[in-house]
Amino acid sequence: MRSLKNLGVGFLVSLVGSLPMGYINIVALKVFDTQGLPALISFLLGVVTIEFFLILLTLKGAQWLLNHEKIVKAAELLSIIFIVLIALSFYTEPANASTGDNISSHFLVAYPPLVLGLFLNAINFVQVPFWTGWNVYLINAALINVKGRRKYAYVTGTSVGTFSGILVFVLFFQQLFQKASGFSSQLAYHFFPAIMLLLAAFQAFKFYKKHYQTQG
């Protein structure tokens, strides 16, 4: 029963956490748009594989990470820089002027989707403080029991939640793009990098507010 509760809590936390727009979601949407559902599933398997082991590590080292704020701060800063780099990469290959077709960014097609998912989530540093904070809260609130093998039920739930959440996000926004088919290619071309830059700006604001404004 406790393992089932761990599974359900992990699923809900991860599902809700993966639905808001993040750069993994945006890249997943782009992968689906350019390569189809099999590529998206492969990409998501890479994403959740990294997340599975990351959450296991943060379960064991949550308190240590909380006591080393400089490491968390560096991870958050690197995440912001990386989001900006991804956004800029979408502009390196401009849309075809004659047809309006969007040429996908080179890094999306240069590697297999599984490898791309593994790599992008491995350097998704912002999830380190996210999962550290959630794990500490859930353990202290006695919402999960991570003793022995029970922790694997919780982590499995988070993986299924992330996979489901991003899949729902992608299918929902793909439907929106199809309904706007009259200018969908131009919309997608400007949408992806613009959202990435907005996400970077939002993360930078949160970073400043957390580490500098509170100190003042």
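All residue numbers refer to positions in the sequence shown, counting from 1.
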* Structure fact -> Contacts of Leu167 meeting side chain to side chain contact (heavy atoms under 4.5 Å, CB included) (sequence neighbours excluded), chain-then-number -> Leu37, Leu40, Leu44, Phe163, Leu171
* Of all residues at least two apart in sequence or in a different chain, which pass the side-chain hydrogen bond (donor to acceptor under 3.5 Å, both in side chains) check with Ser14? -> Thr162
* Asked: OH of Tyr111 to CG of Leu118: how many Å apart, nearest 0.5 Å?
  -> 13.5 Å
* To do: Any chance you could measure Ile55, atom CD1, to Leu59, atom CG, to the nearest 0.5 Å?
  => 7.5 Å
* Atom pair CZ (Phe52) and CG (Leu57), whose distance is rounded to the nearest 0.5 Å -> 11.0 Å
* Asked: Could you give the distance from CG (Asp33) to CD (Gln174), rounded to the nearest 0.5 Å?
  -> 5.0 Å
* Are Trp131 and Val13 side-chain neighbours, meaning at least one heavy-atom pair lies under 4.5 Å? -> yes
* Please identify each residue that fulfils side chain to side chain contact (heavy atoms under 4.5 Å, CB included) with Phe205, with sequence neighbours left out. => Lys209
* To do: In sequence, state the C-alpha distance, the side-chain angles, and the governing distance for Gln127 and Asn121, and then conclude on side chain to side chain contact (heavy atoms under 4.5 Å, CB included).
  => CA-CA 9 Å; Gln127 65 182 325; Asn121 211 31; 3.2 Å; yes
* Asked: Is there side-chain contact between Val9 and Leu138, with at least one heavy-atom pair below 4.5 Å?
  -> yes
* Can you name the nearest heavy-atom pair linking Ala39 to Pro113, along with the distance? -> O-CB, 3.2 Å
* Evaluate side chain to side chain contact (heavy atoms under 4.5 Å, CB included) for Phe11 paired with Ser164, printing each intermediate quantity in order. => CA-CA 9 Å; Phe11 175 82; Ser164 303; 3.9 Å; yes
* Asked: How many angstroms lie between atom CD1 of Ile24 and atom CG of Asn124, to the nearest 0.5 angstrom?
  -> 5.0 Å
For residues 141-157, run the donor-acceptor check on the side chains, cut-off 3.5 Å, and write out each pair with its distance to 0.1 Å, sequence neighbours left out.
| unit_1 | atom_1 | unit_2 | atom_2 | d |
| --- | --- | --- | --- | --- |
| Asn145 | OD1 | Lys147 | N | 3.0 |
| Lys151 | NZ | Gly148 | O | 2.8 |
| Tyr154 | OH | Asn135 | OD1 | 2.6 |
| Thr156 | OG1 | Tyr152 | O | 2.6 |

* **Nearest heavy-atom neighbours spanning Ser18 and Gly165** => OG-CA, 3.3 Å
* Asked: Which pairs pass side-chain hydrogen bond (donor to acceptor under 3.5 Å, both in side chains) with one or both residues in residues 37-49, sequence neighbours excluded?
  -> none
* How are the rings of Phe169 and Phe173 set to each other: parallel, tilted or perpendicular (split at 30° and 60°)? -> tilted
* Any Leu120 side-chain heavy atom under 4.5 Å of Phe43 side chain -> yes
